[in-house]
Amino acid sequence: MSHSKTLGLSDIIGPIMVGPSSSHTAGALRIALMAHELMGRPPKEMRFTLYGSFAHTYRGHGTDRALVAGLLGFRPDDLRIRDSFEIARAQGISFDFHVDSKAKPRHPNTVDVWVRDAAGEVLSVRGESIGGGAARLTRVDGIKVEITGEYSAAIIYQQDMPGVLGFVASTLGDAGINIGNSTILRERKGGLAYNVLEVDSTIPDEVQQVLLKDPRVLRIRFISAFSLPEGAGAATPRYTPEEAQELFPKLDYQDGTSILAHAYTCNISLGRAFLDREELLLAMQGKDMSGTYAYLDRVLQVMRESVKAPLEHGMHTMGGLIGGEAHALMQLCAGDGESHASDKLHQVFSGVFPKAAAYAMAVLETNASMGRIVAAPTAGSAGVLPGVIAALNEAGDFSQEELRDALANAAAIGYIVTRNATVAGAEGGCQAEIGTASAMAASAATQLLGGSPQQCLAAAAIALTNLLGLVCDPVAGLVEEPCQKRNASAAANALVSCELALAGIHSTAFFDETVDALKRVGHSLPFELRETALGGIATCESCLESCRKAPHGS
């Protein structure tokens, strides 16, 4: 049961989450949250076995707190994640963690979750965090499954007897519930069978009770699809699902060239062109764009909030490798001090560029202290886009609609890179994360400042070219160092690239070619330089010494 997911705006600008890692924190929480849904009752005892990358840095990434939070039913953006241990203990819930560093699971971010409720009922699942806050369950009670939470799913435990499948299908059909996919697994002929269903809507309790009255149906576990942004579907879409289905292939942009062509054909911005695609994507599900606009407004709010606190004082981060840098840089920008030297510094280090860098660093500090951020496109690169947009907005005072469209513009760039290359450091190095974030911010800035769609793509191409080949070498595997400084540099790079594009300076390579180059370079990078902490800066002796002194260093 597997699908090739059609990427939407919130897959690129999102998730809205508690840091520090979209894979190790938000993805881990999503695994446990799916287990919470399947369990259907409050937990009493939790056990977790961590494998691969999870096993090495789970404390510094807050993976452990996220797993407990997920089983408590918290969403990825819930600030209570930081206090999940204390909340669980206060409720009389026990939990423990085991590390298996010898096993070699299919995916490096793998965890086994075992949970028991007060009545003694037990659930076991195996989950994989697959990047960007997404996750999938591969086993439930020993059954092989492929459940991502993108679709509602039910596991019906039943006797392997004639007529059971027909009874289940007819009962759901009579209730107006459409089955999108079905997989039958059985232990042996005539024994226990597992009917794993994907359905287009929830299965109400009363319908489940009808199924359970049949002695051949032993148990039902259900998980609802993860909801779209709040407000989705509040109004009637402009297109029927059938109309949207017919039109969508024309706007399912393959590359930058195709989205550019649509923008010029319709005389609209690059951001508006991407929103046209988003509208059809939602209409195919019977939803309108109100949820998208509400989501973008919330993204802007969270981005603004993620900048604030670190500018006033240093944050206590999970890994202990950073804290106070954004505040120090803002003091320099403000020219704090009474000396003549301070006046000169303020004259040099003031304006949009240093502020964008300071704001970008602040977001990474918020992220590393388990604050709420927006992955854009990842948590490790979450500071670049808000840093640039916040600094520009202070100087230009743009309307909410202009800022929304700028985010959509950035999403268009991130979408093309995700579709044709990668935004994961583990696959493509830091060029994939920070490089893409810088390209997104460069294009968004160019649109805000009146640039044409072609200039937006030129700015994105320049930004990506400038960071091509950048390795991913996080110290101790944490999203702190050198990630924070690279976010600052990438914000400045985005503004430089925007400036060049607005001056009519073209990129030597077209945007689509730079994306292809990123993909090829990523494949060429050694394993040690792709988010393993086994190469680059991560192996410098001074960095290793900092890790030994930090509370969660390895």
Side-chain angles (χ1 to χ4, degrees), residues 253 255-264 267-274 348-357 359-360 376-377 381 384-385 387-396 398 402 405-417 420-421 430-470 486-521:
Y253 310 117
D255 48 28
T257 302
S258 56
I259 191 172
L260 187 65
H262 178 71
Y264 276 114
N267 193 27
I268 55 177
S269 68
L270 212 61
R272 187 64 250 176
F274 194 69
V348 174
F349 296 110
S350 62
V352 171
F353 275 69
K355 280 186 177 179
Y359 295 164
S381 58
V384 183
L385 184 59
V388 168
I389 286 182
L392 285 176
N393 194 40
E394 284 186 11
F398 298 99
E402 287 175 312
D405 283 359
L407 287 181
N409 175 301
I413 299 300
Y415 160 77
I416 298 300
V417 178
N420 296 320
C430 197
Q431 59 159 9
E433 295 198 30
I434 283 291
T436 302
S438 190
M440 291 165 64
S443 182
T446 303
Q447 180 174 298
L448 278 174
L449 296 174
S452 67
Q454 190 166 2
Q455 286 175 317
C456 289
L457 285 187
I462 294 168
L464 208 52
T465 299
N466 290 346
L467 297 174
L468 206 63
L470 186 61
R486 286 183 181 162
N487 272 260
S489 300
N493 177 58
L495 290 169
V496 168
S497 302
C498 166
E499 191 174 30
L500 294 175
L502 290 173
I505 300 170
H506 301 292
S507 170
T508 306
F510 293 120
F511 174 67
D512 290 330
E513 293 178 300
T514 63
V515 173
D516 184 60
L518 181 148
K519 183 178 181 180
R520 287 185 280 107
V521 171

Next on the checklist: Set out, in order, the CA-CA distance, both residues' side-chain angles and the distance that settles side-chain contact (heavy atoms from CB on, under 4.5 Å) for I389 and F398, then state yes or no.
Outcome noted: CA-CA 10 Å; I389 286 182; F398 298 99; over 6 Å; no
Item to check | side-chain contact (heavy atoms from CB on, under 4.5 Å) between S443 and L270, intermediate numbers included | outcome: CA-CA 9 Å; S443 182; L270 212 61; 4.0 Å; yes
Please find the pair of heavy atoms, one from [X] and one from [Y], that lie closest to each other, and give the distance.
X    : Y    : result
A442 : A463 : CB-CB, 4.0 Å
L385 : A444 : CD1-CB, 4.3 Å
Y359 : G387 : CB-CA, 3.7 Å
I462 : A501 : CD1-N, 4.4 Å
V521 : G469 : CG1-CA, 3.8 Å
A491 : A360 : CB-CB, 4.1 Å

Checklist entry - Is there a donor-acceptor pair under 3.5 Å between the side chain of S438 and the backbone N or O of I434? => result no
Checklist entry - For the side chain of Q431 and the backbone of L518, is there at least one donor-acceptor N/O pair under 3.5 Å apart? => result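 Side chain of Q431 to backbone of L518, a donor-acceptor pair under 3.5 Å: yes, one is there.
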Next on the checklist: D255: which residues meet the salt bridge (charged side-chain N to carboxylate O under 4.0 Å, His left out) condition with it, sequence neighbours left out?
Outcome noted: none
Next on the checklist: So, using side-chain hydrogen bond (donor to acceptor under 3.5 Å, both in side chains) as the criterion, who are the partners of Q447 when residues are at least two apart?
Outcome noted: N409
Checklist entry - Can you name the residues that form a side-chain hydrogen bond (donor to acceptor under 3.5 Å, both in side chains) with D405, not counting sequence neighbours? => result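 Here no residue qualifies.
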Checklist entry - Is there any salt bridge (charged side-chain N to carboxylate O under 4.0 Å, His left out) pair reaching into residues 505-517, and which pairs are they, with sequence neighbours excluded? => result D516-R520
Next on the checklist: For a side-chain contact (heavy atoms from CB on, under 4.5 Å) check, start with the C-alpha distance between F510 and T257, then their side-chain angles and the critical distance, and finish with the verdict.
Outcome noted: CA-CA 9 Å; F510 293 120; T257 302; over 6 Å; no
Item to check | With F274 via ring pair (Phe, Tyr, Trp, His ring centres under 6.0 Å) - residues at least two apart | outcome: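 Counting only residues at least two positions away or on another chain, F274 forms a ring pair (Phe, Tyr, Trp, His ring centres under 6.0 Å) with Y415.
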Checklist entry - Does some side-chain heavy atom of I268 sit less than 4.5 Å from a side-chain heavy atom of H262? => result yes
Item to check | Residue pairs involving residues 498-510 (criterion side-chain hydrogen bond (donor to acceptor under 3.5 Å, both in side chains); sequence neighbours excluded) | outcome: none
Item to check | side-chain contact (heavy atoms from CB on, under 4.5 Å) between L468 and T514, intermediate numbers included | outcome: CA-CA 9 Å; L468 206 63; T514 63; over 6 Å; no
